[in-house]
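Working notes, structure below.
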2 protein chains.
Amino acid sequence: MDLTSFLTSLGTSFAIFVILMFLFNWLSRKPGNTVIYYPNRILRGLDPWEGGSKTRNPFAWIKEALTSTEQEVISMSGVDTAVYFVFLSTVLGILVLSSLILLPVLLPVAATDVGDKLSINATSNGTFSDLDKLSMGHLQEKSPRLWAFLIGVYWVSFVTYFMLWKAYKHVSALRANALMSPQVKPEQFAILVRDIPAVPAGQLRKEQVDSYFKTVYPDTFYRSLVVTNNKKVNKIWEELEMYKKKLARAESIYAASKNTGNAEGKRPTNKTGFLGLCGNKVDSIEYYTEKINELIPKLETEQKATLREKQENAALVFFTNRVTAASAAQTLHAQIVDKWTVTEAPEPRQVLWPNLKIKFFQRQVRQYVVYIIVALTVVFYMIPIAFISAFTTLDNLKKYLPFLKPVVNRAAIKTVLEAYLPQIALIIFLALLPKFLFFLSKAEGIPSQSHAIRAASGKYFYFTIFNVFLGITVGGTLFKTFKTIEKDPNSIVTLLATSLPSNATYFLTFVALKFFIGYGLELSRIVPLIIFHIKRKYLCKTEAELKAAWLPSDLGYGTRVPGDMLIITIVLCYSVIAPLILPFGVLYFGIGWLVLRNQALKVYVPAYESYGRMWPHMHIRVLAALILYQVTMFGYFGVKKFVFAPFLIVLPILSLLFGFICRKKFYRAFQDTALEVAAHELKELPNMEQIYRAYIPPSLGSEKIDDDQFEDAQSQVSRGGSFA
Amino acid sequence: MDLTSFLTSLGTSFAIFVILMFLFNWLSRKPGNTVIYYPNRILRGLDPWEGGSKTRNPFAWIKEALTSTEQEVISMSGVDTAVYFVFLSTVLGILVLSSLILLPVLLPVAATDVGDKLSINATSNGTFSDLDKLSMGHLQEKSPRLWAFLIGVYWVSFVTYFMLWKAYKHVSALRANALMSPQVKPEQFAILVRDIPAVPAGQLRKEQVDSYFKTVYPDTFYRSLVVTNNKKVNKIWEELEMYKKKLARAESIYAASKNTGNAEGKRPTNKTGFLGLCGNKVDSIEYYTEKINELIPKLETEQKATLREKQENAALVFFTNRVTAASAAQTLHAQIVDKWTVTEAPEPRQVLWPNLKIKFFQRQVRQYVVYIIVALTVVFYMIPIAFISAFTTLDNLKKYLPFLKPVVNRAAIKTVLEAYLPQIALIIFLALLPKFLFFLSKAEGIPSQSHAIRAASGKYFYFTIFNVFLGITVGGTLFKTFKTIEKDPNSIVTLLATSLPSNATYFLTFVALKFFIGYGLELSRIVPLIIFHIKRKYLCKTEAELKAAWLPSDLGYGTRVPGDMLIITIVLCYSVIAPLILPFGVLYFGIGWLVLRNQALKVYVPAYESYGRMWPHMHIRVLAALILYQVTMFGYFGVKKFVFAPFLIVLPILSLLFGFICRKKFYRAFQDTALEVAAHELKELPNMEQIYRAYIPPSLGSEKIDDDQFEDAQSQVSRGGSFA
């Protein structure tokens, strides 16, 4: 790619970003759009425009984002979001500190060299540009100027260690603060018990669980809640809820028709057959009311049956204080380790109920099966990716889709397409994957949503690094130099090292596209806005439906982090080879921080809270990117025939050591709750009944059913051995 | 080695064993020897001959050993010893069950084959004998008879899985029973806290520890005991004890002289200089009394100083119930993981005090340094071993020590020497190692003696397997076939496989020697008996000295287990190749079980109790031996050009899977105390003061010092910030 094409791509991206930003300014000030631009504030009962967002200053949101404190982020969006910002600012810090030394030193050193023969040859092929002059590839072999680049690698590494260490300490304190908060959180008073052995004859499951925990915790045991198989009761409950919604909608339509047309109004009707398309035509209000009246007793019967007969081998056990719960979640309870296994209870809203019953060794088997599937996916997805990469070059498009020729041949369009086509293909391709990986992670038998998201995020990370980064770099070179390699099989490190420089501008464009377009769309929320307005106009009839139309999702760091990780890996790996990539990295994380800060404070509503458990994974992956970078640089210095390249061997070892120390010093506090943290005093005496009720699933928690009926699976009262 | 030499060696061994057994019968019935043959019973206040040991039946001890129950072993010698017997009987079971199929099937199959050309060639060289006809080496290549041997490998593997599984379950129950015993054991009420952070200004170490644990455990915290640096006080105390002993001895000599000679008696004297060899001659009783009177106030001063000023960053924390202590030992206490690290408290008698102060990361570093040293030792000890092996052949002895020629050339002596020389060299060599490995293990910073012994035992195991087994087999073959290998480098598996059969008889003799001579000496206790009688006659003057002379050591499974493991590895690896080794294995473990049962019940006194923590290591090592066997057999079937050899690939995978399941299902209960176990009720309310006092080291626990003075490092009473 030459300089013009690169600058065009950059310019277009920037223009789009500016347009989207102004669009955001204009749209967010319209009162009808507040639910799209300020849903988080609205849901918390705050004034959307508090703090001056309504002023005409188009950069007001930036000011707000910059002045917001971490404490505000935590109170508006939770610890997980705050940790994500620590991640962003840590990476930003690494890149800024690296730039401060690398840019003013390495760029002149590279530009003033006489140039490498290899790259001069490349010029004659027309692929060399002034841009490449600023990279390490321009240096001559064995040049003493390489010393500057070698020291650059050390600088980047030490900056990374320093920032990561600071961040780990900070996040650990954040987590501790959140866990020692004086507010009562139900999950801090409960543990999840799985793999409960078969019920002894003459006992109820309930009695078995209660007597087991009462023996161990005579003073602090509160009660237990046996997990039931809610599949059927959930189905009935969902049906009931659906009919309730439909009834509300029909009543609302009827009321509206009274206002607009005749005073009597027109009673809405519907067909009872498949999808409302066939069958008898009936009066909707009567029909739904009848259905609801039918379902309510059915639900009640099923609720009773579920509580009594569908108890499973898992339970939630509640304690009257946090220290006991935190300690119980970490200790071995049964002599046979695969029985009575305990873990911290997930938050009520993120329990994956169907997974709780899965047995110990089945979980192990499932985990390994999933790992194998993921490994296969990671490795063999390269084939379609490579195929798409090869197919979406402009020449191929012209060849296979000749009708595009007139469009494609125009100079401006051609440049843009040339710059973006492969990248767009890549981005779309990657967008399909996360759901599949989340499904796989859930299939492992993980009990909480946040844990499953972390697991999926890890898989997505490996996928991204392996396929996008390694696939594009090594794959690209493989295609080009297949014959050379056949003659002289090189090691993967050298291969990676030689292929990096030629792909530098590709990744530069990729990063630029990602941050300008991606964050522009993120900030302006064009897509949710359009969908919301369409829904409001044509579909929503009731308040509840309207709310459902604008209700925002969560920040979704599960997919965000692997994306960011890819950028970090790319920027780190190129930081010394082509230091020009650093400002783009800084822009990506800087703009990202600003835009997402705005979104976190005003838009997204967290779906769960894991108290920063994602951090160790982010940490270790940044470190992995650093090690990949260090190994690659070692290879690249070898390619440049620099005799002092072995000085770089120290760095991967240092990184491993650094990772080992961090893990030993901090990691366990992210797995378990430290007792000194849990021992902090509460603001008030916990309302145990409320804590316990928080875990009753909505399909079982009807207000009509009184407490007596919960006895079987949930209450503490024990009965005689009626189930022998 | 030919058949005659083998049978001679066997016969000699057996003869020695029989002689030693009769010696035992004769000696153990003499009343003066009871302290040597029944010390464990005497120390427990039991009648040594209860149960008819004094009858003239020379096999009475065998009957007693056979009829003794596991419960008796536990009460006489502790759970660790009982677990050692489970290990012995498990291995015995594996070998017996294997023999039942392998001997009647494989021996005829091998013997009736026409014979391999290779081994027929060997005959002409004079090293082939009838014995080798019974081994797999005698079969022709690609013979369908190899199927029987292949099935034999499967049989041995499944028998091993079955026996190991049963044993793991049994030992797990044994451990649980011991831990839930209603007896009060101090270590079940305490935890060991290490890596306590620096004392905050204005607080005492004591206050820091107490306030930390009182916050977390307001109801169950009893008090804490800060670890002090006792080096100096121990030295003074030991000096004092020495003078006390010497005084007692002097008084006893004086009393004896009154009885024998003149009525006045002769006051003993000694010289005050170096080793009592030079210096002024003084009256012993006066001199020692004076010394003691000098040291007592010195000790008291030093005790006070130690308690006040030599406090270290570790403490023992006591709780009022077992569940809290068990749970506290497993849970994370501090948000920064390398602070306030907790572990189960070791038994008072086995705490390695000087190790407690070593810091978290220093322990890690020490561990890795020790691992590297051990790895180097394991690998490079091969050089001296190989040298000794080569040197101690008879021919070499004649060559280098020509004066031995007349002795060596006599037929009988020659045969014996030929059979034993290399083995004796090996055994002596191995005897030097354990102390070094125990020293290394202690240097890792391990807090308890039993743990250090387990660690040393593991190192010894790796050493033994690598050097003795692999060294002798592969090394032997390497020397012989060095040139062939140079031409055609073989894989290690094939090398191992080809070298096994030629060394079969060597190991057969090794096993036979080990059990007949080893267990004969063990049972007859000739060496301790002689030493005791010499000491009694010439050295011991007081009762205390006499007791010290006969006081037995513990069973010493730390070095016993690696030895047994070597035998298991040898017998397993040869079980199918030369099934004739199986009866010898059965004899080894059978006789071993009998002799050691006798010794455990009557002789050895356990030095510590770890509640069967050694078992998982024994289990995993038997499994490792099995995997080595399976891999070797895979190689050997390849050498025999048997096309169905790949059927054996399944077995190592199965073994790994079996190990994984066992580890997951049982292992954690050996690391931690399960709460359901700790929650069992006690016989009486624990006397907390007594529990606490059990941990005060003898040098600090003088009865003259009353409790007030313990405040600083030990008591619960907090004072103002006198140490700012």
Side-chain angles (χ1 to χ4, degrees), chain A residues 168-169 172-177 179-180 195 212-220 321-324 326-342 360-361 363-365 368 657 660-681, chain B residues 168-169 172-177 179-180 195 212-220 321-324 326-342 360-361 363-365 368 657 660-681:
Chain A
Y168 218 142
K169 263 169 96 169
S172 183
L174 275 187
R175 176 173 162 86
N177 276 327
L179 288 174
M180 64 172 72
D195 311 299
Y212 189 87
F213 283 95
K214 257 187 213 157
T215 317
V216 180
Y217 305 97
D219 307 320
T220 47
N321 71 62
R322 297 201 288 197
V323 172
T324 314
S327 150
Q330 301 173 40
T331 36
L332 179 71
H333 280 73
Q335 179 72 14
I336 300 298
V337 184
D338 66 347
K339 299 287 169 220
W340 299 100
T341 54
V342 290
F360 188 82
F361 280 110
R363 296 204 293 274
Q364 309 278 341
V365 171
Y368 286 105
L657 201 67
F660 173 79
I661 292 173
C662 284
R663 193 185 164 86
K664 282 277 176 189
K665 198 174 179 79
F666 300 111
Y667 184 59
R668 210 188 142 192
F670 283 81
Q671 282 189 303
D672 298 319
T673 305
L675 295 192
E676 67 174 18
V677 165
H680 271 254
E681 266 177 38
Chain B
Y168 217 142
K169 264 169 93 170
S172 183
L174 274 187
R175 174 171 164 87
N177 276 329
L179 288 174
M180 65 172 72
D195 309 300
Y212 189 87
F213 283 95
K214 258 188 210 157
T215 317
V216 180
Y217 306 97
D219 307 320
T220 46
N321 71 62
R322 296 201 290 197
V323 173
T324 313
S327 151
Q330 301 173 40
T331 37
L332 179 71
H333 280 72
Q335 179 72 14
I336 301 298
V337 184
D338 65 348
K339 299 285 170 222
W340 297 101
T341 53
V342 291
F360 189 81
F361 280 109
R363 296 203 295 271
Q364 308 279 339
V365 171
Y368 286 106
L657 201 68
F660 175 80
I661 292 173
C662 284
R663 194 186 165 84
K664 283 276 175 188
K665 199 174 177 79
F666 301 111
Y667 184 58
R668 212 190 140 192
F670 282 82
Q671 281 189 302
D672 298 317
T673 306
L675 295 192
E676 68 174 19
V677 165
H680 272 255
E681 266 175 37

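We use all heavy atoms of the structure for the numbers below, so side chains are in, but hydrogens, waters and symmetry mates are not. The chains referred to below are lettered A, B, ... by the order of the sequence lines, with proteins before strands, and numbering in each begins at 1.
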Toward chain A, the part of [X] with a non-hydrogen atom under 4.5 Å:
{"X": "B/Phe670", "result": "neither"}
{"X": "B/Leu179", "result": "neither"}
{"X": "B/Tyr212", "result": "side chain"}

Region of [X] that comes under 4.5 Å of a non-hydrogen atom in chain B:
{"X": "A/Tyr168", "result": "neither"}
{"X": "A/Phe213", "result": "neither"}
{"X": "A/Gln364", "result": "side chain"}
{"X": "A/Val323", "result": "side chain"}

For the interface with chain B, which of A/Ala334, A/Ser327, A/Ala678, A/Ala328 has the highest count of heavy-atom pairs at distances below 4.5 Å?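 Most heavy-atom pairs within the cutoff with chain B belong to A/Ala334.
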
Residue, of B/Ile336, B/Thr673, B/Thr215, B/Val677, that accumulates the most heavy atom pairs under 4.5 Å with chain A: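 Option with the top pair count is B/Ile336.
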
Among the listed options B/Gln671, B/His680, B/Lys664, the residue most often paired with chain A at heavy-atom distances under 4.5 Å: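 The candidate making the most pairs under 4.5 Å is B/Lys664.
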
Closest heavy-atom pair and its distance - B/Leu332, A/Ala669: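 Scanning both residues, the minimum pair turns out to be CD2-CA, 3.4 Å.
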
Where B/Tyr667 and A/Val337 come nearest, the two heavy atoms and their spacing: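 What the structure gives for the nearest pair is N-CG2, 4.4 Å.
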
How long is the span from the CD atom in B/Gln330 to the CG atom in A/Asp672, to the nearest 0.5 Å? 11.0 Å

Is the backbone N or O of B/Gln335 less than 3.5 Å from a side-chain atom of A/Glu676, with the two atoms forming a donor-acceptor pair by type? yes

When you compare the side chain of A/Lys665 with that of B/Phe361, does any pair of heavy atoms fall below 4.5 Å? yes

Would you list the pairs meeting salt bridge (Lys or Arg N to Asp or Glu O under 4.0 Å) in which at least one residue belongs to residues 326-337 of chain A, sequence neighbours left out? none

Once side chain to side chain donor-acceptor pair (under 3.5 Å) is applied, do any residues pair with B/Arg363, and if so which ones, sequence neighbours excluded? B/Asp195

